[in-house]
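Below, chains carry the letters A, B, ... as their sequence lines are ordered, and counting in each starts from 1.
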Number of protein chains: 2
Amino acid sequence: MSFASKGMAATAQDEAYRAILQDIRSGRYQPGERLIPETIARELAMSRMPVREAFQRLANEGLVLIRPNRGCVVSGLTIDEIYELFEIRSVLEGLAVRLAMPRFDAAALAELDDHVARMHRAGAAGGADWLTKHQEFHAYICGLSRRPKLIAQIAALHIAVEPSMRVWLHHVAQPAHATERQDEVVEAIRTGDAEHAEAVMRDHVLRTAPRLAEFLRKRGQAAGVPSTLPASTQI
Amino acid sequence: MSFASKGMAATAQDEAYRAILQDIRSGRYQPGERLIPETIARELAMSRMPVREAFQRLANEGLVLIRPNRGCVVSGLTIDEIYELFEIRSVLEGLAVRLAMPRFDAAALAELDDHVARMHRAGAAGGADWLTKHQEFHAYICGLSRRPKLIAQIAALHIAVEPSMRVWLHHVAQPAHATERQDEVVEAIRTGDAEHAEAVMRDHVLRTAPRLAEFLRKRGQAAGVPSTLPASTQI
DNA sequence: CTTTGTAATAGTGGATACACTCATACAGAA
DNA sequence: TTCTGTATGAGTGTATCCACTATTACAAAG
């Protein structure tokens with residue numbers, strides 16, 4: 001289930017949130033595109049209000065930008081922002097794998113191998129869901145850390161770069177190429193050395209950034225609408 | 001200005017957000033306390049609606065928990081959650097200081113010393129604003145990393161533990177004791193070794209956790225209302 | 001042809017109204 | 001007395017309405 005939400009929407013607002021999130025992740029709503037509450041509300045057969053509240057949540061997660069009196073646009077990422085997200089993800093996933101190390105017994109390692117195998121299959125099949133399998137691989141490792149907030153933060157980071165990753169994978173990259181790197185991570189975990197595993201994971205995460213960035217630069221994209229921070233937490 | 005928001009509220013919703021956030025940080029709204037939109041709306045001379053949207057934002061930041069049809073409560077942190085937040089903060093601030101290292105010229109180092117001096121003064125005066133000065137110290141270092149999202153995340157973490165920190169500092173701890181540790185960080189920065197500075201910062205951040213946790217355990221507090229993840233980002 | 005002022009329109013933020021859910025208190029049955 | 005069902009009230013979620021803002025198109029002046 002990777003980084004998707006589970007359960008059913010209890011409320012209209014939640015339903016709106018999920019629907020919009022899905023459409024941003026999948027790329028249906030492109031960066032820079034303006035989201036009009038009324039339109040989406042009609043689509044989902046509800047009123048504007050729950051849609052607006054969904055916007056709030058999305059804005060807090062940085063997926064959308066709300067400017068007062070000027071509406072809501074899907075916030076693309078600049079190259080710098082993508083780098084930054086990968087930097088953050090590298091240390092967080094490094095932490096996660098370090099904390100997860102004590103829980104990697106034989107069963108966990110076997111399951112980890114399964115994940116890698118699934119990734120390989122999805123990659124070889126040229127399947128578009130390699131990305132999903134890749135996220136599941138990372139999610140499995142992070143999950144073993146048993147740190148709910150850490151897991152949530154990492155998940156949010158995966159989601160933030162997902163749209164960019166999708167166009168990248170769709171247009172050029174052969175996932176198979178990326179897959180071989182995963183083995184390094186698995187190997188490091190197998191050594192049992194937590195510090196080492198952390199370092200390798202950091203490295204592994206960071207390695208993707210420049211390749212994605214280069215692709216986006218060539219496409220001239222990713223200069224869309226710079227996302228902004230939640231207005232709250234500024235220094 | 002530490003981790004406070006700047007500028008004026010452009011919208012009623014923003015005003016509500018700031019007001020509630022302030023009251024949670026200061027401890028006026030205790031963990032477990034229920035927040036009734038109507039009441040707060042009356043207090044701020046506005047309607048329920050912007051207050052509700054403010055709740056959404058606060059919920060996303062983990063400061064508040066919204067259960068469908070059951071209202072909004074201030075979410076205290078369990079001991080485990082406090083540890084987790086410090087763990088996350090340690091790697092993020094470690095990253096921040098590493099990235100900030102190239103920008104620590106003579107001027108920056110001087111300003112850093114100023115921050116430490118201010119902290120010492122506030123601590124010696126038994127001032128309640130030692131915490132603020134301490135946050136400013138960290139914020140200054142993080143700010144030099146020039147990573148907006150990283151800075152925002154760290155700020156959010158500082159805010160999350162702020163209520164607990166306030167009761168701790170108010171009841172027992174002598175900030176002066178904590179202050180001497182800062183010098184280690186400054187010293188490490190002065191060496192110019194980024195890896196070393198990162199390690200020291202990690203250590204510095206983590207050191208606070210057990211002391212705070214022990215205090216809260218003795219007080220029997222911190223078992224308030226466990227905060228939850230944004231329903232969105234689960235694995 | 002460009003610039004500036006103005007009108008029309010789309011869209012946003014907020015208030016109010018209404019329907020539904022949950023919790024509490026209380027009455028009656030066991 | 002204890003348990004269960006019901007009624008009542010507080011509070012939540014959503015829809016609709018209104019006032020205001022911003023943007024666009026267009027017209028008049030330079």
Side-chain angles (χ1 to χ4, degrees), chain A residues 5 7-21 23-24 29-60 63-75 224-225 227-228 230-232, chain B residues 5 7-21 23-24 29-60 63-75 224-225 227-228 230-232:
Chain A
S5 47
M8 245 265 293
T11 157
Q13 183 237 96
D14 204 47
E15 190 184 328
Y17 171 79
R18 289 166 195 237
I20 301 167
L21 177 64
D23 284 348
I24 290 176
Y29 294 145
Q30 294 287 320
E33 183 172 344
R34 186 157 172 200
L35 299 182
I36 283 117
E38 194 124 14
T39 309
I40 297 174
R42 226 188 352 259
E43 245 176 63
L44 299 173
M46 62 179 70
S47 89
R48 270 183 331 123
M49 206 58 71
V51 176
R52 280 184 43 170
E53 293 182 332
F55 284 174
Q56 288 298 333
R57 289 173 64 182
L58 293 163
N60 267 40
L63 282 94
V64 121
L65 175 61
I66 302 177
R67 288 176 306 165
N69 284 317
R70 245 175 274 181
C72 175
V73 297
V74 180
S75 62
V225 171
S227 78
T228 26
S232 54
Chain B
S5 46
M8 247 263 294
T11 157
Q13 182 237 100
D14 204 46
E15 191 185 327
Y17 172 79
R18 289 166 195 236
I20 301 167
L21 176 64
D23 284 347
I24 291 176
Y29 295 145
Q30 293 287 320
E33 184 171 344
R34 188 159 171 195
L35 299 182
I36 284 115
E38 195 124 11
T39 309
I40 296 173
R42 224 188 353 257
E43 245 174 64
L44 299 173
M46 62 179 71
S47 88
R48 267 179 334 117
M49 206 57 67
V51 176
R52 277 181 50 114
E53 294 181 332
F55 284 173
Q56 290 297 334
R57 289 173 64 183
L58 293 163
N60 268 42
L63 283 92
V64 122
L65 175 62
I66 301 177
R67 289 176 307 165
N69 284 315
R70 243 174 276 181
C72 174
V73 297
V74 179
S75 61
V225 172
S227 80
T228 28
S232 54

Minimum heavy-atom distance A/Val64-A/Ser75, with the two atoms named: N-OG, 3.4 Å
Starting at the 5' end of nucleotides 7-15 of chain C, put B wherever the base has a protein heavy atom under 4.0 Å, S where only the sugar-phosphate does, and a dash everywhere else. ----SBBBB
For B/Glu15, the salt bridge (Lys or Arg N to Asp or Glu O under 4.0 Å) test, sequence neighbours excluded, returns none
Heavy-atom nearest pair, A/Phe55 first then A/Pro37, reads CE1-CG, 3.7 Å
What residues form a salt bridge (Lys or Arg N to Asp or Glu O under 4.0 Å) with B/Glu38, not counting sequence neighbours? none
Ignoring hydrogens, what is the shortest heavy-atom contact between B/Val74 and B/Tyr29? Give both atom names and the distance. CG2-CB, 3.8 Å
B/Gln56: which residues meet the side chain to side chain donor-acceptor pair (under 3.5 Å) condition with it, sequence neighbours left out? none
So, taking the atom named CD in A/Glu53 and the one named CZ in A/Arg48, what distance separates them when rounded to the nearest 0.5 Å? 12.0 Å
Check whether any side-chain heavy atom of A/Val51 sits under 4.5 Å from a side-chain heavy atom of A/Ile20, and report yes or no. yes
What is the distance from atom CD of B/Gln30 to atom CD1 of B/Ile24, rounded to the nearest 0.5 Å? 11.0 Å
Going 5' to 3' along DNA chain D, which are the first and last nucleotides with any atom under 4.0 Å from a heavy atom of chain A? D/dG13 to D/dT23
For A/Arg57 versus A/Asp14, what's the shortest heavy-atom pair and its separation? NH1-OD1, 3.0 Å
Let me test you: for the helix from C/dC1-D/dG30 to C/dA30-D/dT1, what is the angle between the axes at its two ends (five pairs each), rounded to 10 degrees? 10°
